[in-house]
Amino acid sequence: MGLGGCILLIGAGAILAFATDWKMDTVNVDLVGWIMMLVGLVGVFVYMSIARRRRMVVPPSTTVVQDDQQNYR
């Protein structure tokens, strides 16, 4: 799941938890919204840790070149 999907889960969960007044006998809509927001936040943290690992800069390796010309004068 990408960053956009995580943000979508957080937004939809917030709408379900805070902006609706639906009452169902079998499903607690507020709890479903909180669970969706929690899953979205976990997804954002996982995505950011993976993105940080991808951005690590590795210093370039150095090569040693021997110059045989310095012995000739």
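Linking ILVMFWY residues whenever their side-chain heavy atoms come closer than 4.5 Å, directly or via other members, places Val27 and Leu9 in the same cluster. Linking ILVMFWY residues whenever their side-chain heavy atoms come closer than 4.5 Å, directly or via other members, places Val39 and Val32 in the same cluster. Hydrophobic clustering, with ILVMFWY side chains joined whenever heavy atoms are under 4.5 angstrom apart, groups Ile10 together with Tyr47. Connection of Leu38 to Leu31 is not established within any shared hydrophobic cluster, with ILVMFWY side chains joined at heavy-atom distances below 4.5 Å, either directly or through further cluster members.
A pairwise comparison of heavy atoms in Gly40 and Cys6 identifies O-CB, 3.6 Å as the closest pair. Of all the heavy atoms in Met36 and Leu16, the pair that sits closest is SD-CD1, 3.7 Å. A pairwise comparison of heavy atoms in Met37 and Ala17 identifies CE-CB, 4.0 Å as the closest pair.
Interatomic distance, Asp30 CG to Asp21 CG, rounded to the nearest 0.5 Å: 9.5 Å.
Few gaps surround CZ on Phe18; more than 12 heavy atoms of other groups in view lie less than 6.0 Å from it.
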